[in-house]
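Values in this document were obtained by computation on a predicted structure and should not be read as measured data. These numbers come from the heavy atoms of this one structure, side chains and all, not from hydrogens, waters or symmetry mates.
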Amino acid sequence: MGNDSNNHFPFFYSIFIKKEMDKTVKIIGTNLLILLIYFALIKYFGSGGWGFLMPYGTILFFHVLINIFTGLGDLGEEDIEIKKNGRAKILSGLVVLVVGFSTCTGWGG
C-alpha cells in the first residue's frame, strides 16, 4: 500500500507534499499565499480602518497584471507545458482578483 506514514494528514499530504501535484494548483496556491502575506502586512502595519485600501489595492492591481501579462506571454510559446503554465497564471490572476477584491471590501472597516 506504499508509505503509510502520511495517512495521519491525508489532505495536507495530497495538497502540499505529493510530488505529482498539478502545476496549476501550485501556481494558484503560491499566488494566494503571496496575497495573504501582503494583506496581513498591510493590515498589521497600516493605519487601520479604510486607510489600508490604497496600498492594498495598488499592490493587488499590480499582482493581477503581472499574472495576466506573464500568462499571456507564456501562451505564445511553442512548448505545451509553458502554455499550461500560461493558462494557470491567467487563472491565478483572476482568482487573486476575486479573492483580493472581496477581502478588500469585506475587511475594510
Side-chain angles (χ1 to χ4, degrees):
M1 186 89 177
N3 189 358
D4 290 334
S5 65
N6 294 316
N7 287 340
H8 302 290
F9 306 102
F11 175 75
F12 182 80
Y13 175 73
S14 66
I15 297 297
F16 296 107
I17 298 175
K18 194 161 94 173
K19 291 181 182 175
E20 298 86 25
M21 185 187 332
D22 189 27
K23 288 186 179 186
T24 303
V25 174
K26 284 183 182 179
I27 291 171
I28 293 173
T30 301
N31 280 290
L32 287 176
L33 182 63
I34 292 168
L35 174 72
L36 175 69
I37 290 170
Y38 68 73
F39 171 76
L41 288 173
I42 290 172
K43 191 73 172 165
Y44 183 74
F45 292 112
S47 61
W50 290 96
F52 87 104
L53 289 179
M54 191 58 153
Y56 180 70
T58 304
I59 294 172
L60 178 67
F61 175 74
F62 286 113
H63 188 172
V64 170
L65 279 183
I66 289 169
N67 273 311
I68 290 177
F69 283 130
T70 58
L72 289 173
D74 287 348
L75 286 179
E77 296 293 325
E78 294 293 322
D79 187 17
I80 192 72
E81 289 299 318
I82 296 175
K83 284 187 178 189
K84 286 181 184 178
N85 285 347
R87 288 192 293 265
K89 288 176 187 176
I90 293 170
L91 177 63
S92 177
L94 296 175
V95 169
V96 166
L97 178 65
V98 169
V99 172
F101 182 75
S102 63
T103 304
C104 196
T105 57
W107 287 75

For this session: Work out which heavy atom in G93 is nearest to a heavy atom in N67; give both atom names and the distance.
Result: CA-CB, 3.7 Å
Exercise. Out of curiosity, does V98 fall in the hydrophobic cluster containing F39 (side-chain heavy atoms, cut-off under 4.5 Å, transitive links)?
Worked result: no
Exercise. Are L35 and L65 in one and the same hydrophobic cluster, where Ile, Leu, Val, Met, Phe, Trp and Tyr link if side-chain heavy atoms are under 4.5 Å apart?
Worked result: yes
Exercise. About how many Å separate NZ of K26 and CG of N85, when rounded to the nearest 0.5 Å?
Worked result: 10.0 Å
Problem set entry | Closest approach of E81 to K23 (non-hydrogen atoms, all atoms of both residues) | OE1-NZ, 4.2 Å
Problem set entry | Beyond-backbone contact of L72 with L75, side-chain heavy atoms, under 4.5 angstrom | yes
Exercise. Mind checking whether I28 and F62 sit in one hydrophobic cluster, side chains of I, L, V, M, F, W, Y counted as touching below 4.5 Å?
Worked result: yes
For this session: Report yes or no: do I27 and I34 belong to one cluster of Ile/Leu/Val/Met/Phe/Trp/Tyr joined by side chain heavy-atom distances under 4.5 Å?
Result: no
Problem set entry | CZ-CG distance between F69 and D74, expressed to the nearest 0.5 angstrom | 13.5 Å
Seminar exercise, completed: Value for CD1 (I82) from NZ (K89), rounded to nearest 0.5 Å, stands at 8.5 Å
Problem set entry | Shortest non-hydrogen separation from L60 to Y38 and the atoms involved | CA-OH, 3.5 Å
For this session: Output the distance between atom CZ (F101) and atom OH (Y56), rounded to the nearest 0.5 Å.
Result: 10.5 Å
For this session: Report yes or no: do V95 and I68 belong to one cluster of Ile/Leu/Val/Met/Phe/Trp/Tyr joined by side chain heavy-atom distances under 4.5 Å?
Result: yes
Problem set entry | Any side-chain heavy-atom pair of T24 and K84 under 4.5 Å | no
